[in-house]
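What follows is one structure encoded as structure tokens, with my remarks underneath.
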Amino acid sequence: MSHNTIHWFRKGLRLHDNLALLEGIRNSAEWRAVFVLDPWFVQNAKVGPNRWRFLMQCLEDLNNSLNKLGSRLFVIRGNPNEVFPKLFKKWEITQLTFEVDTEPYAKQRDQTITDLAKKHQIDVLQRVSHTLYDTKQIIKKNGGSAPGTYQRCLTVMSQLGAPPQPEPTLSKDDIKGCKLCMDACGFTADIPTLEELNVKENDLETCLYVGGESEALKRLDKYMTRQQWVCNFEKPKTEPNSINPSTTVLSPYLKFGCLSARTFYHRLNEIYRHNKKHSGPPVSLEGQLYWREFFTTVGSDTPNFDKMVGNPICRQIPWDDNTQFLEAWKHGKTGYPFIDAIMVQLRREGWIHHLARHAVACFLTRGDLWISWEEGQKVFEELLLDADWSLNAGNWMWLSASAFFHQYFRVYSPVAFGKKTDKNGDFIRKYLPVLQNFPAQYIYEPWKAPLKVQEKFKCIIGKDYPKPIVDHDVVRQLNIKKMAAAYAKNKEAKEESPKKKKQKVK
DNA sequence: GGCGTAGTTGAACTC
DNA sequence: AGAGTTCAACTACGC
């Protein structure tokens with residue numbers, strides 16, 4: 001078989017552990033790598049400037065790596081449905097390869113393109129490499145539906161054995177005898193500038209996390225050399241508000257597939273093998289990869305997974321519409337410095353710690369503002385470098401006690417939670433400079449500072465920094481009661497519907 | 001991977 | 001030496 005092949009990059013922006021890429025190139029006479037940039041997305045998708053920059057860095061790095069092998073990346077502008085027929089024709093394509101994507105939007109897109117390819121008598125080769133397992137296998141092993149809990153998912157995965165070993169990185173040997181085409185044949189195919197993506201220099205802060213496979217592997221190496229740290233890692237014990245991240249920040253690289261989850265998994269297990277004592281799921285680093293697997297699997301199998309209505313696993317809760325509260329939360333103006341500092345970090349840097357996500361998510365939903373988790377999901381979707389459709393929806397449902405997690409009376413305190421790991425409030429001082437000189441005594445609740453203190457440190461509450469938009473101690477109690485009522489109502493509804501079914505059967 | 005309160009335990013410290 | 005004090009660290013409970 002000697003194909004003229006396009007490998008279509010979407011996620012999986014890497015040359016290591018990329019089976020579809022490898023298999024495709026091995027049976028090809030001519031080979032090209034393509035990333036399709038849909039202008040519709042540039043105009044309409046909620047992608048913040050930080051993530052556009054991260055993505056472009058990923059593409060640049062990929063192009064550089066391909067250059068070293070004598071190849072290149074073609075970034076083609078247009079809707080895939082319109083672009084591919086042109087590319088198929090112009091380049092006389094006979095094979096299209098890409099990585100399996102389980103998100104509903106992607107599944108539909110890929111089905112359309114697969115049908116299109118078949119019309120052109122083009123072979124389509126898809127391989128699983130974004131996840132540890134083929135999520136379809138997990139569902140099959142679980143009896144045809146996705147595991148409902150993390151524990152259940154662990155059991156099913158253990159029955160499937162260890163995830164496959166990573167595939168070797170694409171090398172010069174793999175492409176020997178294969179013609180690597182460099183000519184774009186009239187298509188615009190270079191890496192877009194930020195300008196083309198409507199990203200203004202002014203919208204960008206200093207880049208803390210550079211996108212791309214090279215950076216991903218460097219970062220992985222850096223953390224994997226700290227063997228004791230890896231073995232002792234327990235996620236809940238890491239700090240949400242340390243000035244330097246207390247976790248690996250590999251999530252953006254996993255999201256785009258700059259780093260293979262399987263590569264990460266097997267590196268971890270090498271370390272675990274050499275160290276008898278090590279932490280385990282759900283709190284270990286390996287456990288974090290399993291969380292990703294769990295949410296991806298449930299997300300692939302649940303209708304309307306990113307919505308409340310029509311989502312069979314999501315509790316129906318009568319959230320409020322409150323534009324004013326939502327805007328305050330989005331822009332770090334709730335009057336609770338711990339919450340606001342996290343939201344500023346999110347917007348500025350594109351990454352916040354897992355427990356910081358807990359704190360602000362609880363605050364927006366069941367804890368304080370009583371606003372739907374879907375609104376929070378949209379904000380995270382825009383601002384997080386690691387925004388992942390399944391993990392984002394799954395974790396928002398978790399935190400709002402809409403699914404997976406049900407202990408709605410466990411409410412994070414926007415005052416007490418941060419104090420445990422940052423008594424002096426250094427994190428707050430960094431992201432809310434207006435409070436920089438406030439005494440530690442008042443830094444988490446500045447409205448309690450006497451006016452003289454506010455004047456002395458040049459921050460009048462209500463003028464230079466907002467008064468708290470809600471009284472946490474009051475709304476917490478009200479919201480717990482509302483949750484109790486919603487739970488009771490959902491229970492009723494659930495008892496109603498199966499009965500009806502039974503009656504019908506009888 | 002909640003928090004505030006209340007109660008217990010035991011080590012370290014004081015005089 | 002030994003009784004009294006302090007305090008971190010723990011459990012238990014309700015929301």
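Lettering of chains follows the sequences in order, A, B, ..., and the numbering in each one begins at 1.
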- Message: Strictly by side chain to side chain donor-acceptor pair (under 3.5 Å), give each pair with a member in residues 467-482 of chain A just once, sequence neighbours left out.
- Response: Asp368(A)-His472(A)
Atom pairs under 3.5 Å: protein N/O with N/O of nucleotides 3-7 of chain B:
| unit_1 | atom_1 | unit_2 | atom_2 | d |
| --- | --- | --- | --- | --- |
| dC3(B) | OP1 | Ser413(A) | N | 3.3 |
| dC3(B) | OP1 | Phe417(A) | N | 3.4 |
| dC3(B) | OP2 | Lys420(A) | NZ | 2.8 |

- Task: Round to a whole Å and report the spacing from CZ of Arg366(A) to P of dG1(B).
- Result: 13 Å
- Please state how far atom CZ in Arg410(A) lies from atom C1' in dC15(C), giving the value in whole angstrom units. 12 Å
- Message: Among residues at least two apart in sequence or on other chains, which ones pass side chain to side chain donor-acceptor pair (under 3.5 Å) with Ser214(A)?
- Response: Asp61(A)
- Touch class at under 4.0 angstrom, heavy-atom based, for Lys235(A) against every strand present: base
- Query: What residues form a side chain to side chain donor-acceptor pair (under 3.5 Å) with Trp319(A), not counting sequence neighbours?
  - Reply: none
- Message: Just the rounded figure in Å: distance from P of dG1(B) to NE2 of His354(A).
- Response: 12 Å
Would you give me the side-chain donor-acceptor pairs under 3.5 Å for residues 347-362 of chain A, sequence neighbours excluded?
| unit_1 | atom_1 | unit_2 | atom_2 | d |
| --- | --- | --- | --- | --- |
| Arg347(A) | NH2 | Lys330(A) | O | 3.2 |
| Glu349(A) | OE1 | Gln345(A) | NE2 | 3.4 |
| Glu349(A) | OE1 | Tyr431(A) | OH | 3.1 |
| Glu349(A) | OE2 | Tyr431(A) | OH | 2.9 |
| His353(A) | ND1 | Leu355(A) | N | 2.8 |
| His353(A) | NE2 | Thr238(A) | OG1 | 2.8 |
| His353(A) | NE2 | Ser246(A) | OG | 3.4 |
| His354(A) | NE2 | His358(A) | NE2 | 3.0 |
| Arg357(A) | NE | Ile352(A) | O | 2.9 |
| Arg357(A) | NH1 | Asp386(A) | OD1 | 3.1 |
| Arg357(A) | NH1 | Asp386(A) | OD2 | 3.4 |
| Arg357(A) | NH2 | Ile352(A) | O | 2.9 |
| Arg357(A) | NH2 | Asp386(A) | OD2 | 2.8 |
| His358(A) | ND1 | Tyr412(A) | OH | 2.8 |

- Could you tell me whether Glu270(A) and Arg267(A) have a side-chain N and a carboxylate O separated by less than 4.0 Å? no
- Whole angstrom is fine here: how far is it from CG in Leu399(A) over to C1' in dG2(B)? 12 Å
- Query: How close or far is atom P of dG2(B) from atom NZ of Lys419(A), stated in whole angstroms?
  - Reply: 18 Å
- Whole-Å distance between dG1(B) C1' and Phe233(A) CZ? 12 Å
- Query: Rounding to the closest angstrom, what is the interatomic distance between dG1(B) and dC10(C) at atom P?
  - Reply: 13 Å
- Rounded to the Å, how far apart are His353(A) NE2 and dG1(B) C1'? 10 Å
- Query: Atom CG of Asn479(A) to atom C1' of dC15(C): distance rounded to whole Å?
  - Reply: 13 Å
Would you list the atom pairs, donor with acceptor, under 3.5 Å between side chains in residues 157-167 of chain A and any protein atom, with sequence neighbours excluded?
| unit_1 | atom_1 | unit_2 | atom_2 | d |
| --- | --- | --- | --- | --- |
| Ser158(A) | OG | Thr155(A) | O | 2.8 |
| Gln165(A) | NE2 | His266(A) | ND1 | 3.3 |

